[in-house]
J.: 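Following this message is one structure expressed as structure tokens.
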Amino acid sequence: MNDPADQLLLPDSEKLRRRMVERQLVRRGIADERVLEAMLSVPREAFVPPYLARHAYDDCALPIEAEQTISQPYIVALMAEAAELKAGDRVLEIGTGSGYAAAVLGRIAGQVHTIERHALLAQTAQARLAALGYGNIEVRCGDGMQGWPEATPFDAILSAASGPGIPVAWKRQLAPGGRLVMPRGGMTRVQNLIKLKRTGEEDFVEENLGKVMFVPLVEGTT
Ligand code: SAH
């Protein structure tokens, strides 16, 4: 009963998670049971700086280290739902940040590969995911613009940072039938959340899921 991971959790964690799922996700139309189950199970307070633990389930993004953010719960759920994840899927995430979305994706999919350009964030996320026992997530510090060529193909690719266009490398790394979800918009504060499905070797079907606000993709590591 003396699991070190327990010390990271709020005493009313489960109740807060249930309330978040009901009020922020179900009421807004998230219906994929796998996504709701995953969001119910991952303790979000373990992924924010300790002074923000009490706000972990607020209906907004929160600051994390390196001047980055952990995405709003609804956006994590919306992207996971759009990615149509199933058990056994191979997933690539660009922008590990806190590691929270990777943990959620990992509860549904078979294997998650996640890349973060900030070394401090990548290390923190990796240690956190290990402490919480999420064993199917591989974290790499690097520039995600080239994807993760050695681990292709991916059934789903999710980008937690926005760019003016979808990198060609990501499209190539999608499996047939694979889904890519990414915020697209130049240097604007508001972007469109795009879903791209690979329907053939050179064929993709695009859908716009609406307006979102993400930090930009930045090339190189730090
Ligand atoms: N999924 C995260 C949200 C992270 S915000 C979570 O659940 O907490 C987006 C992250 O993308 C930031 O941490 C930022 O450092 C990272 N990022 C931006 N450009 C990148 C790039 N080219 N390669 C990898 N990571 C990048």
Side-chain angles (χ1 to χ4, degrees), residues 8 20 24-25 35 38-39 41-49 52-53 55-83 85 91-109 112-129 132 134 137-149 151 154 156-170 173 180-187 189 191 193 212-222:
L8 302 167
M20 171 192 78
Q24 301 178 35
L25 309 186
V35 173
M39 299 280 298
S41 78
V42 179
R44 188 167 157 92
E45 68 271 35
F47 294 84
V48 300
L52 286 174
H55 293 280
Y57 297 96
D58 289 3
D59 191 10
C60 56
L62 292 171
I64 56 171
E65 300 81 1
E67 289 165 24
Q68 300 301 318
T69 53
I70 174 173
S71 306
Q72 181 189 10
Y74 172 66
I75 294 294
V76 175
L78 182 69
M79 291 179 74
E81 186 170 65
L85 300 178
V91 178
L92 172 66
E93 182 195 30
I94 292 93
T96 316
S98 66
Y100 175 71
V104 169
L105 302 172
R107 295 295 292 174
I108 310 172
V112 178
H113 289 77
T114 178
I115 311 182
E116 169 56 54
R117 67 181 288 273
H118 275 284
L120 170 70
L121 290 178
Q123 282 159 15
T124 309
Q126 187 160 36
R128 204 175 255 154
L129 291 164
L132 292 165
Y134 295 112
I137 303 171
E138 202 170 326
V139 184
R140 166 189 281 187
C141 176
D143 181 355
M145 299 300 278
Q146 297 310 315
W148 195 315
F154 296 105
I157 300 180
L158 297 94
S159 177
S162 67
I166 303 168
V168 175
W170 300 358
Q173 291 177 21
L180 191 158
V181 185
M182 149 179 205
R184 185 173 65 198
M187 293 309 284
R189 251 169 60 81
Q191 305 99 25
L193 189 63
V212 285
M213 283 170 69
F214 277 82
V215 298
L217 275 166
V218 179
E219 287 189 51
T221 55
T222 181

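Throughout, numbering of the chain's residues begins at 1 and tracks the sequence. The figures that follow rest on heavy atoms only: side chains count, while hydrogens, waters and symmetry mates do not. Whatever order the structure lists them in is the order used to number ligands and atoms, beginning at 1.
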J.: Under a 4.0 angstrom heavy-atom cut-off, which atoms of ligand 1 come close to H118?
T.: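 Here the atoms of ligand 1 in question are 15 (O).
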J.: Could an N or O of ligand 1 be found under 3.5 Å from any N or O of A161, whether backbone or side chain?
T.: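 Looking only at distances, the answer is no, because the N/O contact criterion of under 3.5 Å is not met.
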J.: Among all protein heavy atoms, pick the one closest to atom 23 (N) of ligand 1 and tell me residue, atom and distance.
T.: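 In this structure, atom 23 (N) of ligand 1 has G144 N, 2.8 Å as its nearest protein heavy atom.
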J.: Which atoms of ligand 1 are found less than 4.0 Å from any heavy atom of I70?
T.: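 Here the atoms of ligand 1 in question are 8 (O).
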J.: For ligand 1, which atoms, with element, lie under 4.0 Å from some heavy atom of T96?
T.: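 Counting atoms of ligand 1 from 1, those under 4.0 Å from T96 are 1 (N), 2 (C), 6 (C), 8 (O).
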J.: How far is atom 8 (O) of ligand 1 from its nearest protein heavy atom, and which residue and atom name does that atom have?
T.: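 Nearest protein contact, heavy atoms only, for atom 8 (O) of ligand 1 is S98 OG, 2.6 Å.
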J.: Working to the nearest 0.5 angstrom, can you tell me the gap between M79 CE and E93 CD?
T.: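 So the CE of M79 and the CD of E93 are separated by 8.0 Å.
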J.: How long is the straight-line distance from CD of E45 back to CG of L52, given to the nearest 0.5 Å?
T.: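 Going from CG on L52 over to CD on E45, the span is 12.0 Å.
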J.: Nearest 0.5 Å, what's the OG1-CZ distance between T96 and R140?
T.: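 Going from the OG1 atom of T96 to the CZ atom of R140 covers 11.0 Å.
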J.: Determine the minimum heavy-atom distance between Q173 and G147, stating which atoms define it.
T.: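 Minimum heavy-atom separation between Q173 and G147: OE1-CA, 3.4 Å.
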J.: Quick one, R128 and S98 - any side-chain contact, counting heavy atoms below 4.5 Å?
T.: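 With C-beta onward as the side chain, the pair touches.
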J.: Can you find a pair of side-chain heavy atoms, one from S159 and one from W170, that are under 4.5 Å apart?
T.: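 Side-chain contact under 4.5 Å: yes.
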J.: Would one find an N or O of E116, backbone or side chain, under 3.5 Å from an N or O of ligand 1?
T.: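 By distance alone, the answer is yes.
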J.: So which of E67, Q68, E65, Q123 actually passes side chain to side chain contact (heavy atoms under 4.5 Å, CB included) with H118?
T.: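 Result for side chain to side chain contact (heavy atoms under 4.5 Å, CB included) with H118: Q68.
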J.: Find the distance between CZ (R44) and OH (Y100) and round it off to the nearest 0.5 Å.
T.: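 With rounding to 0.5 Å, CZ (R44) is 5.5 Å from OH (Y100).
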J.: Any N or O on I94 sitting closer than 3.5 Å to an N or O of ligand 1?
T.: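 No; every N/O pair is 3.5 Å or more apart.
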J.: May I ask you to list the atoms of ligand 1 that are less than 4.0 angstrom from any heavy atom of I115?
T.: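 The list of qualifying atoms is 24 (C), 25 (N).
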J.: Give the contacting part of P216 toward ligand 1: side chain, backbone, both or neither, where contact means a heavy-atom distance below 4.0 Å.
T.: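 Looking at P216 and ligand 1, just backbone atoms fall under 4.0 Å.
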J.: Suppose I only count heavy atoms of L121 and a 4.0 Å limit; which atoms of ligand 1 are within that range?
T.: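 It comes down to these atoms of ligand 1: 13 (O).
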J.: Under 4.0 Å from a heavy atom of S71: which atoms of ligand 1 are those, numbered in the order shown and with their elements?
T.: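 Near S71, meaning under 4.0 Å from one of its heavy atoms, ligand 1 has 3 (C).
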J.: Are any of the N/O atoms on M145, whether in the backbone or the side chain, positioned under 3.5 angstrom from an N/O atom of ligand 1?
T.: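 By distance alone, the answer is no.
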J.: Should F154 and V91 count as side-chain neighbours, where that means a heavy-atom distance under 4.5 Å?
T.: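 Result no, sub-4.5 Å side-chain heavy-atom pair not found.
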J.: Anything under 30° is parallel, anything over 60° is perpendicular, the rest tilted; go ahead and classify F47 against Y134.
T.: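 It falls in the tilted class, 30° to 60°.
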J.: With a 4.0 Å cut-off on heavy atoms, does G142 reach ligand 1?
T.: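 Yes, that is the case, since the closest heavy atom of the residue is under 4.0 Å from the ligand.
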J.: Starting from atom 9 (C) of ligand 1, locate the nearest protein heavy atom and write down its residue, its atom name and how far away it is, to 0.1 Å.
T.: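 For atom 9 (C) of ligand 1, the nearest protein heavy atom comes out as A160 O, 3.3 Å.
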J.: Any nitrogen or oxygen of E219 lying under 3.5 Å from a nitrogen or oxygen in ligand 1? Just yes or no.
T.: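 There is no such contact.
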J.: Which residues pass the side-chain contact (heavy atoms from CB on, under 4.5 Å) test with I115, not counting sequence neighbours?
T.: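 Checked I115 against side-chain contact (heavy atoms from CB on, under 4.5 Å); matches are L92, W148.
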J.: T114 near ligand 1, heavy-atom distance under 4.0 Å?
T.: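 No.
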J.: Would A101 count as a polar contact of ligand 1, with the cut-off being nitrogen or oxygen pairs under 3.5 Å?
T.: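 Right, the criterion is met.
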J.: Counting heavy atoms only, which part of Q68 comes closer than 4.0 Å to ligand 1: side chain, backbone, both or neither?
T.: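 Answer for Q68: side chain.
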J.: In the protein, which heavy atom is nearest to atom 24 (C) of ligand 1, and how far is it?
T.: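 Here the nearest protein heavy atom works out to R117 N, 3.4 Å.
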J.: List ligand 1 atoms under 4.0 Å from Y100, heavy atoms only on the residue side.
T.: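 Numbered from 1, ligand 1 contributes 7 (O).
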J.: D59: what forms a salt bridge (Lys or Arg N to Asp or Glu O under 4.0 Å) with it, not counting sequence neighbours?
T.: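 Applying salt bridge (Lys or Arg N to Asp or Glu O under 4.0 Å) to D59 gives R28.
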J.: Measuring from E116:CD to L121:CG, what's the distance to the nearest 0.5 Å?
T.: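 Going from the CD atom of E116 to the CG atom of L121 covers 4.5 Å.
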J.: Working to the nearest 0.5 Å, report the span between NE2 of H113 and CD1 of I157.
T.: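 With rounding to 0.5 Å, NE2 (H113) is 12.0 Å from CD1 (I157).
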J.: Should R117 and D143 count as side-chain neighbours, where that means a heavy-atom distance under 4.5 Å?
T.: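 No, side chains not in contact.
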J.: Provide, to 0.1 Å, the distance between atom 21 (C) of ligand 1 and the closest protein heavy atom, together with that atom's residue and name.
T.: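 In this structure, atom 21 (C) of ligand 1 has V218 O, 3.4 Å as its nearest protein heavy atom.
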J.: For atom 11 (O) of ligand 1, find the nearest protein heavy atom and state the residue, atom name and distance (0.1 Å precision).
T.: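 Result: G95 CA, 3.1 Å.
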J.: Mark the output for A125 as yes if a heavy-atom distance to ligand 1 is under 4.0 Å, and as no if none is.
T.: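 Contact absent.
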J.: Looking only at protein heavy atoms, which one is nearest to atom 3 (C) of ligand 1, and how far off is it?
T.: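 Going by distance alone, atom 3 (C) of ligand 1 is nearest to T69 O, 3.4 Å.
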J.: Is it the side chain, the backbone, both or neither of V76 that has a heavy atom closer than 4.0 Å to ligand 1?
T.: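 None of V76 does.
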